[in-house]
Number of protein chains: 2
Amino acid sequence: MRTSRPRTKQGPRFIHERILADIQGKILSGRWAAGCRIPIEQELMKQYQCSRMTVSKVLTRLAHAGLIVRRRKAGSFVGHPHSQSAVLDIPDIKVEVAALDLPYSYGVLHRHKRRSSREEREIFGKDGAVPMLELDCLHMAGEQPFCLEQRLINLQAVPEAASETFAELAPGAWLRRRVPWMLAEHRIRAAAAEPEAAAALKIKPRTPCLVIERTTRDVASAITFVRLIYPGNLHELVASFMPIAAVSDADLRDRSPASRARSG
Amino acid sequence: MRTSRPRTKQGPRFIHERILADIQGKILSGRWAAGCRIPIEQELMKQYQCSRMTVSKVLTRLAHAGLIVRRRKAGSFVGHPHSQSAVLDIPDIKVEVAALDLPYSYGVLHRHKRRSSREEREIFGKDGAVPMLELDCLHMAGEQPFCLEQRLINLQAVPEAASETFAELAPGAWLRRRVPWMLAEHRIRAAAAEPEAAAALKIKPRTPCLVIERTTRDVASAITFVRLIYPGNLHELVASFMPIAAVSDADLRDRSPASRARSG
DNA sequence: CAGTGGTCTAGACCACTTC
DNA sequence: AAGTGGTCTAGACCACTGA
């Protein structure tokens, strides 16, 4: 489905693709059960008539993906599936709304400069107070409020934000442009809408909402904290778990633009 | 050259680790901006005094992780950060409760064999009806209901489930043992507790709940569908976004079972 | 058409860990 | 002590694709 492969599904073109597909298939299908020992490199070399390097790269990769565990002198073994882990896609809100085929608009409700409070200092990991920009934004899908964004930006880390109105670009996109490749930690929960949030979102107080809190860090310090509040009936997150297919060689080769065919 | 390594230095022990750390650091810190061209393999070979294979493996890995894009004849370039994506960890419920330091218990509320309904056939992707096992389970954290599990198991795919009481092992863990490495799709949303669910969870109806729905597939067909309902105040999901550090070599080395000597 | 990456080889030595 | 994986080399040829 997600392998937009050339129509004539020709098999793996490279040895390492064939080895990867074979082993992966045997594990995923259950033919090789968890804990089962898999052939050693020498055997695979013979089986596929290739050099050790080729086999080794495949096995290393499978180990990175967690499908197998390699132990010196003992051999390589099929891994035991750990806790469910999934790759979660958190697109830009504008993109989310666009995916629903609704006109997107956005506005800043509140904009306020202040110093960090004590609890915020915990998030931002500083000893002293730091200058912060506090923003409340409302993202609209047509006439309907879609998401309330409550954001704090560390002005020490991103001083340019102080003079930015965020009239054109929402803070999330603006920041991603400035500070690419940030590390983020997400917390996702359900909560009842507080009165002010409910008023902004035009829903009844105590309506269930999906709340996503994200702390975004640079290598050095926290850059921004954001709380996204979605009315429960309007939004759901979709995540898919793909043990290794997500990074199968063939897919990687055609990872051009069109790989974002996700449904909302 | 690399044989006599001073043990005083904690840093990367291998060339490829050093190259990976260097490039990754330059990208993540923003010193190399998105779209920026990075040195070609020949330059990196000279810079690190190593063979092309070593450089190539690192760059291939960075490309797999999405940090760089490689183009023949043009070179390798720092990738543009895509939409926020995160690795979501959905542990076994027993583990979740244990993490809260609460005594875990669990019981089957309801167990019923029947054929799939029309809507379910959509999920399970069959033309005809298939035999299903319907289960309702309640997971407890101490005296408090922690999660309500509503599950359907495709008995055509897992016939053994028909005679299983799930008295000892919860269906999730039981299935993971039988059918390892399943592919899963998650949907996460906030919803008000329905009256029956609220009664089972001993919460007021309409209380906000975090609902996780998961369809788990084999290569061939859907194996199980589960809806996990957590009272909103009791649970949150944590996800972290790590461009590549998640699979840094150093981490991977420690992942063996015996390496429990680490200071957590 | 030439620069660059993509794949592969046939070795080598080392490190770890189970036997 | 020996089996196994971990890393690395110095080449090679091919396949793209951008200039």
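Chain naming here is simple, since letters A, B, ... match the order of the sequence lines and numbering starts at 1 in each.
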Rounded to whole angstrom units, what separation is found between the [atom1] atom of [X] and the [atom2] atom of [N]?
X: A:E17; N: C:dT7; atom1: CD; atom2: C1'; answer: 10 Å
X: B:I68; N: C:dT4; atom1: CD1; atom2: P; answer: 15 Å
X: A:L62; N: D:dG5; atom1: CG; atom2: C1'; answer: 14 Å
X: B:R70; N: C:dT7; atom1: CZ; atom2: C1'; answer: 12 Å
X: B:M45; N: C:dG5; atom1: CE; atom2: P; answer: 11 Å
X: B:R72; N: D:dT17; atom1: CZ; atom2: P; answer: 7 Å
X: B:R52; N: C:dG6; atom1: CZ; atom2: C1'; answer: 7 Å
X: B:K57; N: D:dG6; atom1: NZ; atom2: C1'; answer: 8 Å

Distance-only side-chain donor-acceptor flag, [X] / [Y], under 3.5 Å:
X: B:R151; Y: B:T224; value: yes
X: B:H139; Y: B:E149; value: yes
X: A:E168; Y: A:Y106; value: no

Q.
Does D:dG5 have OP1 or OP2 under 4.0 Å away from a side-chain N or O of A:T60?
A. no

Q) In Å, rounded to the nearest 0.5 Å, how long is the span from OH of B:Y104 to CZ of B:F146? A) 9.5 Å

Q.
Measuring from the side chain of B:K73 (C-beta onward, heavy atoms only), which nucleotide among C:dT9, C:dT18, C:dG3 has the closest atom?
A. C:dG3

Q) Counting side-chain heavy atoms from C-beta on, which of D:dG18, D:dT9, D:dG3 comes nearest to B:S51? A) D:dT9

**Q.** Interface residues of residues 32-43 of chain B with DNA chain C (non-hydrogen, below 4.0 angstrom)
**A.** B:R37, B:I40, B:E41

Q.
By the 4.0 Å heavy-atom rule, please label A:I15 as base, sugar-phosphate, or nothing.
A. sugar-phosphate

Q.
Among residues at least two apart in sequence or on other chains, which ones pass salt bridge (Lys or Arg N to Asp or Glu O under 4.0 Å) with B:D22?
A. none

Q: Carefully, step by step, assess B:H16 and B:Y48 under the rule side-chain contact (heavy atoms from CB on, under 4.5 Å).
A: CA-CA 9 Å; B:H16 77 263; B:Y48 292 97; over 6 Å; no

Q: Classify the ring geometry between A:F166 and A:W174 as parallel (under 30°), tilted (30 to 60°) or perpendicular (over 60°).
A: perpendicular

Q: Would you mind telling me which residue lines up with the more 5' stretch of DNA chain D, A:S76 or A:M53, judged by nearest nucleotide?
A: A:S76

